[in-house]
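In this chain, residues are counted from 1 in sequence order. Side chains included, hydrogens not; waters and symmetry mates left out as well; all remaining heavy atoms used.
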Amino acid sequence: MKHFVKVFFFIFLGLTLITCEKKDITPTYILITKEDISLSLENLDLAQFNSPSGLTAHDFSDIWLTANGKKIGVWELPCKIPILAKGDVTLQLSLGIKLNGMSTTRPIYPFTQKYISNIIAHGGEVIELKPIFKYYNDNAVYFPLVENFESAGTIFSSTDSSISGFTKVYDPEIIYQNENDINDINTYSGLIQLRDSINSFEVMSNLLTLPGGGKSILLEFNYKSDQEIYTGLLVNQSTSIPTQEALVVLKPTNGKWKKTYINLTLAVSRNYTATGFRVILAGNKNNSEIANFYFDNIRVVSSR
């Protein structure tokens with residue numbers, strides 16, 4: 001009996017090994033870089049904007065991927081993602097962001113649809129994707145604030161009448177340029193310069209009506225500065241003086257343009273009795289002779 005059990009075990013083991021050898025586990029790799037990602041405006045009514053400049057500017061940090069409905073995970077860009085599925089494979093991609101500039105908080109960007117791609121996977125090859133993500137339409141997403149400095153005037157004003165607000169600059173060597181979209185022509189950026197006896201600034205947007213109830217709301221903008229930038233919300237109440245909600249402090253960028261995504265959802269939802277909100281941007285000179293704060297494509301994006 002023991003001899004029979006041994007023989008059966010070795011036969012079973014041999015069949016198992018043969019089966020394992022036949023299974024192809026060579027992955028297909030999906031290659032995506034930040035430069036390969038585009039934003040489409042085709043679902044938006046562009047007539048609502050004085051200028052669509054800057055609406056395709058982005059700095060997405062991650063890709064969320066499923067293959068044939070199976071979650072493959074979250075991958076930091078640029079990424080080379082292995083998938084084991086073979087044959088016809090349906091990929092679904094969602095964009096991820098660093099919320100409030102924090103590498104530990106990386107949710108899905110809530111305002112664009114999933115990108116769907118059908119591929120044929122044989123294993124062993126690298127498939128480069130250049131996904132184009134579309135915003136949800138105007139019934140789902142809207143822009144309560146857009147300041148791209150391309151129109152006359154600005155919707156931001158200084159809170160101190162003795163200090164000027166934004167100055168528009170047009171030197172192509174210093175203004176923001178959208179490297180992700182060659183068709184996005186930018187002519188001006190906004191500059192606040194602190195010099196001489198002026199040591200700080202604070203500018204405020206016009207009054208915004210924003211939805212509560214946990215609706216997704218983000219403050220987004222491109223910036224370049226040699227000092228910290230402070231962001232906040234001024235909350236208007238019908239029965240009391242306005243209050244300020246501090247948001248995020250952004251570090252100096254060492255001469256580089258960066259983009260930030262700042263969460264307004266919680267601040268707006270907890271102030272459910274507010275009659276309106278204003279975005280606040282502020283900064284200090286901090287003992288330097290001159291401090292420069294550049295901004296562009298300042299917008300608030302919200303779910304309806």
Side-chain angles (χ1 to χ4, degrees), residues 15-44 54-137 141 176-186 216 218 220 222 253-254 256-261 297 301:
L15 292 173
T16 301
L17 291 174
I18 292 172
T19 303
C20 290
E21 288 174 359
K22 289 183 177 180
K23 185 176 181 180
D24 184 4
I25 58 173
T26 305
T28 297
Y29 291 95
I30 308 301
L31 178 64
I32 309 171
T33 68
K34 283 187 179 184
E35 294 73 23
D36 292 330
I37 293 173
S38 301
L39 281 179
S40 169
L41 306 179
E42 70 175 69
N43 286 337
L44 300 178
L55 290 177
T56 59
H58 67 79
D59 186 19
F60 298 113
S61 57
D62 305 300
I63 288 292
W64 297 58
L65 178 66
T66 66
N68 288 340
K70 181 180 179 181
K71 294 180 180 179
I72 305 301
V74 185
W75 299 78
E76 184 172 7
L77 290 164
C79 53
K80 189 176 180 182
I81 309 172
I83 60 169
L84 296 178
K86 298 293 188 292
D88 294 332
V89 181
T90 298
L91 303 176
Q92 290 191 351
L93 289 74
S94 297
L95 294 166
I97 56 174
K98 291 181 181 178
L99 194 61
N100 299 334
M102 299 175 63
S103 59
T104 55
T105 308
R106 307 174 83 136
I108 289 177
Y109 186 67
F111 306 123
T112 52
Q113 301 174 8
K114 291 181 180 180
Y115 175 80
I116 299 176
S117 177
N118 296 303
I119 65 169
I120 299 177
H122 301 289
E125 74 267 49
V126 176
I127 298 176
E128 184 176 0
L129 289 186
K130 297 181 181 294
I132 300 175
F133 289 87
K134 298 178 182 179
Y135 281 103
Y136 288 108
N137 64 33
V141 171
Y176 173 77
Q177 302 290 354
N178 187 357
E179 297 179 354
N180 298 307
D181 185 354
I182 60 173
N183 296 313
D184 183 19
I185 306 301
N186 188 49
S216 296
L218 293 180
E220 308 177 13
N222 298 96
T253 65
N254 298 318
K256 297 179 180 179
W257 279 97
K258 291 189 175 182
K259 176 163 177 129
T260 189
Y261 299 86
N297 307 316
V301 193

Query raised in the report: Shortest non-hydrogen contact from K98 to M102?
Result: CB-O, 3.8 Å
Query raised in the report: So do the side chains of E220 and K259 get within less than 4.5 Å of each other, counting heavy atoms only?
Result: yes
Query raised in the report: Taking D184 for the side chain and G54 for the main chain, is one N or O donor matched with an acceptor at less than 3.5 Å?
Result: yes
Requested in this report: Compare all side-chain heavy atoms of Y261 with those of H58 and state whether any distance is below 4.5 angstrom.
Outcome: yes
Requested in this report: Would you check if L93 and L129 make a side-chain contact, meaning some heavy-atom pair closer than 4.5 Å?
Outcome: yes
Report summary line: To the nearest 0.5 Å, atom OG1 of T33 lies from atom NZ of K130 at 6.5 Å
**Report entry** Non-hydrogen atoms of K86 and L84 that approach each other most closely
**Finding:** NZ-O, 3.0 Å
Query raised in the report: Quick one: are D36 and E128 in side-chain contact, heavy atoms under 4.5 Å?
Result: yes
Report summary line: dist D88:CG -> N68:CG (nearest 0.5 Å) comes out at 8.5 Å
Query raised in the report: Taking atom OG of S117 and atom CD1 of I132, what is their separation to the nearest 0.5 Å?
Result: 11.0 Å
Requested in this report: With side-chain contact (heavy atoms from CB on, under 4.5 Å) as the test, would you mind laying out the steps for I63 and I30 before giving the verdict?
Outcome: CA-CA 11 Å; I63 288 292; I30 308 301; over 6 Å; no
Report summary line: Paired with L95, the side-chain contact (heavy atoms from CB on, under 4.5 Å) test is passed by just one of I37, I108, D62, namely I37
Report task. Any chance you could lay out the side-chain contact (heavy atoms from CB on, under 4.5 Å) test for T105 and N100, step after step, and finish with the verdict? Result -> CA-CA 8 Å; T105 308; N100 299 334; over 6 Å; no
**Report entry** Atom pair CD1 (I97) and CZ (F60), whose distance is rounded to the nearest 0.5 Å
**Finding:** 7.5 Å
Query raised in the report: With under 30° as parallel and over 60° as perpendicular, where do the rings of Y109 and F111 fit, or are they tilted in between?
Result: perpendicular
**Report entry** G96 to W64 - nearest heavy-atom pair and separation
**Finding:** CA-NE1, 3.9 Å
Query raised in the report: Which heavy-atom pair separates K114 from S94 by the least distance, and what is that distance?
Result: CG-OG, 3.4 Å
Query - L218 side chain reached by P110 side chain, heavy atoms, under 4.5 Å - result: yes
Query raised in the report: Between T66 and K71, is there a donor-acceptor pair closer than 3.5 Å when you use the side chain of the first and the backbone of the second?
Result: no
Query raised in the report: Say you draw a straight line from NZ of K34 to CD of E76; how long is it, rounded to the nearest 0.5 Å?
Result: 7.5 Å
Query - pair I119-L91: side-chain heavy atoms closer than 4.5 Å - result: yes
Query raised in the report: Taking atom CG of L31 as the centre, does the number of heavy atoms from other residues, nucleotides or ligands within less than 6.0 Å exceed 12?
Result: yes
Report task. Considering non-hydrogen atoms only, spot the tightest contact between A57 and N297 and give its length. Result -> CB-ND2, 4.0 Å
Report task. Give the intermediate values and the outcome of side-chain contact (heavy atoms from CB on, under 4.5 Å) for residues V301 and V141. Result -> CA-CA 7 Å; V301 193; V141 171; 3.7 Å; yes
Requested in this report: Kindly determine whether Y136 and N43 satisfy side-chain contact (heavy atoms from CB on, under 4.5 Å), including the steps that lead there.
Outcome: CA-CA 6 Å; Y136 288 108; N43 286 337; over 6 Å; no
Query - Heavy-atom pair with the smallest gap, counting every atom of A121 and A85 - result: CB-O, 3.4 Å
Requested in this report: Give, for atom CD1 of I127 and atom CD1 of I32, the distance between the pair rounded to the nearest 0.5 Å.
Outcome: 11.0 Å
Query - Beyond-backbone contact of V126 with K80, side-chain heavy atoms, under 4.5 angstrom - result: yes
Query raised in the report: Regarding N180 and T56, is there a side-chain donor-to-acceptor distance under 3.5 Å anywhere?
Result: no
